[in-house]
Enquirer: 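Provided herewith is a single structure, encoded as structure tokens, for subsequent inquiry.
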Amino acid sequence: MKGRSTSDCFIKCLSNANVNCRAFIDLKGAFDKANRVVILEELMLKGVKGKLLGWIWDYLCDRNTKVWLQGAVSAEGNFDLGTPQGGVLSPMLFNILMDKIARYPFPQGTEVIVYADDILLQCNAPQTLTSALSLKSLKPS
């Protein structure tokens, strides 16, 4: 969002005096590992359909690349995951995926703050935070 940054999330974090347990999570390589099928499912749940959904499918799928290094060209590879690097739609599509995480049914008393590929889980009891961090469906398979 225009005019927002990581510092806004940090201020929101510090302004909650009732919270004494926090976990900061940085999803390493998140944009490169975003699951396009989940993104498209989320878009359909939000009412995106027809040509627009088809255009977004084309944007995310069947992407190939070659690497040129010191005069040699690699074999062509296919991207199965991720959003196109530098693409104008990529941050918005990634945020749709992160919104799914923010809406996840964490244990009661857990506040979730998401900014790009950073997640903050905060609560007022260590047991609640431990439960939130150990949810099996959040772990990669």
Enquirer: Going only through I, L, V, M, F, W and Y residues with side-chain contacts under 4.5 Å, is there a path from Val37 to Ile56?
Expert: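 No, it is not one cluster - the side chains of Val37 and Ile56 are not joined through contacts under 4.5 Å.
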Enquirer: Which atom names give the shortest non-hydrogen contact between Cys21 and Pro126, and what distance separates them?
Expert: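 In terms of heavy atoms, the two residues are closest at SG-N, 3.4 Å.
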Enquirer: Do you know which two heavy atoms are closest between Thr110 and Cys123, and how far apart they sit?
Expert: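 Smallest interatomic distance, heavy atoms only, reads CA-CB, 4.2 Å.
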Enquirer: Can you name the nearest heavy-atom pair linking Phe31 to Ser90, along with the distance?
Expert: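 Smallest heavy-atom distance, with atoms named: CE2-O, 4.4 Å.
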Enquirer: What do you reckon, is CD of Glu76 surrounded by more than 12 foreign heavy atoms closer than 6.0 Å?
Expert: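 Yes, the 6.0 Å shell around CD holds more than 12 heavy atoms from other groups.
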Enquirer: Determine whether Leu52 and Leu43 satisfy the following criterion, side-chain contact (heavy atoms from CB on, under 4.5 Å), listing intermediate values before the conclusion.
Expert: CA-CA 10 Å; Leu52 178 57; Leu43 286 169; over 6 Å; no
Enquirer: Does a sphere of radius 6.0 Å around CG in Asp26 hold more than 12 heavy atoms from other residues, nucleotides or ligands, not counting ones at 6.0 Å or beyond?
Expert: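 Yes, because the 6.0 Å sphere around CG of Asp26 holds more than 12 heavy atoms from other groups.
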Enquirer: Lys46: which residues meet the salt bridge (Lys or Arg N to Asp or Glu O under 4.0 Å) condition with it, sequence neighbours left out?
Expert: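 Here the qualifying residues are Asp99.
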Enquirer: Do the side chains of Met92 and Trp57 join up, straight or via other hydrophobic residues, at under 4.5 Å, putting them in one cluster?
Expert: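 As far as the 4.5 Å side-chain criterion goes, Trp57 and Met92 are connected within one cluster.
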Enquirer: According to a hydrophobic-cluster definition based on side-chain heavy atoms being under 4.5 Å apart (Ile, Leu, Val, Met, Phe, Trp, Tyr only), do Val38 and Tyr59 belong together?
Expert: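 In one cluster with Val38: Tyr59, yes.
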Enquirer: Any idea which heavy atoms bring Phe106 and Val112 closest together, and the distance?
Expert: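 Taking every non-hydrogen atom into account, CD1-CG2, 3.4 Å.
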Enquirer: Rounded to the nearest 0.5 Å, what's the gap from OG1 on Thr83 to CG on Asp32? Could you check?
Expert: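 So the OG1 of Thr83 and the CG of Asp32 are separated by 7.5 Å.
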Enquirer: With rounding to the nearest 0.5 Å, note down the distance linking CG in Leu45 to CG in Leu40.
Expert: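 If I round to the nearest 0.5 Å, the distance is 11.0 Å.
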Enquirer: Would you give the length of the straight line joining atom CZ of Arg36 to atom CG of Asp62, rounded to the nearest 0.5 angstrom?
Expert: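 Between Arg36 CZ and Asp62 CG, I get 7.0 Å after rounding to 0.5 Å.
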Enquirer: Please report the shortest heavy-atom distance between Asn124 and Asn20, naming the atom on each side.
Expert: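 Heavy-atom minimum between the residues: O-OD1, 3.1 Å.
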Enquirer: CZ/Phe24 to CG/Leu121 distance, rounded to the nearest 0.5 angstrom?
Expert: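 Interatomic distance, Phe24 CZ to Leu121 CG, rounded to 0.5 Å: 10.0 Å.
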Enquirer: Would you check if Leu133 and Ile25 make a side-chain contact, meaning some heavy-atom pair closer than 4.5 Å?
Expert: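 Yes, their side chains come closer than 4.5 Å.
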Enquirer: Can you check whether Thr130 reaches Gln127 side chain to side chain, under 4.5 Å on heavy atoms?
Expert: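 A side-chain contact is absent here, since even the closest heavy-atom pair is not under 4.5 Å.
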Enquirer: Is there a path of hydrophobic side-chain contacts, each under 4.5 Å between heavy atoms of I/L/V/M/F/W/Y residues, joining Leu60 to Leu81?
Expert: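 Each belongs to a different hydrophobic cluster.
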Enquirer: Using the test salt bridge (Lys or Arg N to Asp or Glu O under 4.0 Å), find all partners of Glu41 that sit at least two apart in sequence or belong to another chain.
Expert: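 Here no residue qualifies.
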Enquirer: Which residues end up grouped with Val73 if you chain together Ile, Leu, Val, Met, Phe, Trp and Tyr wherever their side-chain heavy atoms are less than 4.5 Å apart?
Expert: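 Noted: Val73 shares its cluster with Trp68.
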Enquirer: Rounded to the nearest 0.5 Å, how far apart are OH of Tyr115 and CE of Met98?
Expert: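 CE of Met98 is found 12.0 Å from OH of Tyr115.
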Enquirer: So which atom in Leu97 and which in Ile39 form the shortest heavy-atom distance, rounded to 0.1 Å?
Expert: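 Distance-wise, the nearest heavy atoms are CB-CG1, 4.1 Å.
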